[in-house]
There are 2 protein chains.
Amino acid sequence: MKTRERILHTSIALFNELGEPNVTTLLIADELDISPGNLYYHFKSKTEILNELFAWYEEAMYGILSVPESDMEIEDLWFYLHLIFENIAKFQFLYKDLVTVVAKYPHLEKRFQKVLSTKRKACNAVLERAKKAGRLNASDSEIEALTEHVILITTFWLSYSVINEGEVQNDALARGVYQVMSVVAPFLEVDRRDMINSLKEAYL
Amino acid sequence: MKTRERILHTSIALFNELGEPNVTTLLIADELDISPGNLYYHFKSKTEILNELFAWYEEAMYGILSVPESDMEIEDLWFYLHLIFENIAKFQFLYKDLVTVVAKYPHLEKRFQKVLSTKRKACNAVLERAKKAGRLNASDSEIEALTEHVILITTFWLSYSVINEGEVQNDALARGVYQVMSVVAPFLEVDRRDMINSLKEAYL
DNA sequence: GTCTATATTTAGATAGAC
DNA sequence: GTCTATCTAAATATAGAC
């Protein structure tokens, strides 16, 4: 792996572990056993490292969100949500210090908002489709509130885990998925609600 | 008002407006038209300012949470939730940069967790009481998930608002209250659900 | 491409006069 | 209690040799 690539991979690892505000360019260089001068040969600033990582994040997220979610069953939804949570975990430094990071790198604000609004649309589409398929009983305003819940939970579940447990535990993602499912459950028929409980038993 | 008090009030205002990581002791002193030396005469460090403000926060929060919530109707719940959101808004600098602030001031971690667990107990008690009074139809595991939802929403609603709108809007608190109510609504009888919609119309 | 050495800036904090 | 002046430490970033 070329130095430039190694810098990016080490940066994301350190950011995720220690939080972006606590990772200096010197620390990244130290961890790689290269000099700070070398690091700055490849990236003219810390911001540029962050930009590149954010581009990775966007690419991964839009990739997942563009999946043609044709009429999913509960198990598919569980799986799909897990995929999203996994990608969030991969870029958890963005989520754990979201407001701070966006304040520090203002040009990321609009881009992050765009990801969120894409997520919102995808979520809305999934719920509307479930309603049309007769799987979901919810009014328009209920679907609207549900969508907000789903986006809020997915966005802040990792922060919530860190605050409660001091770190991101192994089962944090599965518990996040369950938490999302539990907010949708009341609008499903009874037998599908049981299925969520089965999935909880199986994965949690 | 004595200088010591003025420092605290100016600090909380600047923290809330700009975010704790972006407020230096020099900025606080400048805003007050006093010298940095003077500020350090009253507080030996920035951490000590934060400690004092956090003690304010704890006092206010425990005060609200110890209210004997005897069997609340929907309107009372709405009002009670608004009280909690208002206090969160008063100390929004803690919430907007929660993970960052706790990482920077590690001794606050346990204390914040204690506030959260007190909140969790209060929420659980309210829901259990509503169930016993026949107002809420929810299983134990549903009440457990509901409690998590309520704590998650109250904790991160302000961050969510900032990310989505770039700042905390005037109606952010009322929308937060509604969002919490909407997660409880499916477990209420139909007429009480309508009441939530009426409250939404009235306050939002 | 990589290194060493160093410059620049800024935040937190202290010393000592008034 | 308050001020001016200054120190220290740390983080970002650059210059120039190899």
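Proteins get letters first, then strands, A, B, ... in listed order; numbering begins at 1 in each. All values below come from the heavy atoms of this structure, side chains included, with hydrogens, waters and symmetry mates left out.
Sorted by first and then second residue, the pairs that involve residues 81-98 of chain A and meet side-chain hydrogen bond (donor to acceptor under 3.5 Å, both in side chains), not counting sequence neighbours, are A/Y57-A/Y95, A/Q92-A/K96, A/D97-B/T100.
Distance CE/B/M181 to CD1/B/I153: 11.5 Å, rounded to 0.5 Å.
Between A/Y105 and A/H107, the ring planes are perpendicular. Angles over 60° get that label, and only those under 30° would be called parallel. The aromatic rings of B/F54 and B/F112 sit tilted relative to each other, their planes meeting at an angle between 30° and 60°.
For A/R120 and B/N164, the side-chain atoms include at least one donor-acceptor pair closer than 3.5 Å. No side-chain N or O of A/T147 forms a donor-acceptor pair with one of A/E144 less than 3.5 Å apart.
Residue A/N22 contributes atom CG, which lies 20 Å from atom P of D/dA9 at whole-angstrom precision.
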Quick one: which protein N/O atoms are closer than 3.5 Å to N/O atoms of nucleotides 12-15 of chain D? Pair and distance per line, please.
unit_1, atom_1, unit_2, atom_2, d
D/dT12, OP1, A/K46, NZ, 3.4
D/dT12, OP2, A/T25, N, 3.0
D/dT12, OP2, A/T25, OG1, 3.2
D/dA13, OP2, A/Y40, OH, 3.2
D/dA13, OP2, A/K46, N, 3.0

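Running 5' to 3' along DNA chain C, contacts with non-hydrogen atoms of chain A at under 4.0 Å begin and end at C/dG1 to C/dT4.
For an aromatic pair to be called close, the ring centres must be under 6.0 Å apart, and B/W56 with B/F91 fails this.
A salt bridge does not link A/R175 to B/E148: none of the charged side-chain nitrogens sits closer than 4.0 Å to a carboxylate oxygen.
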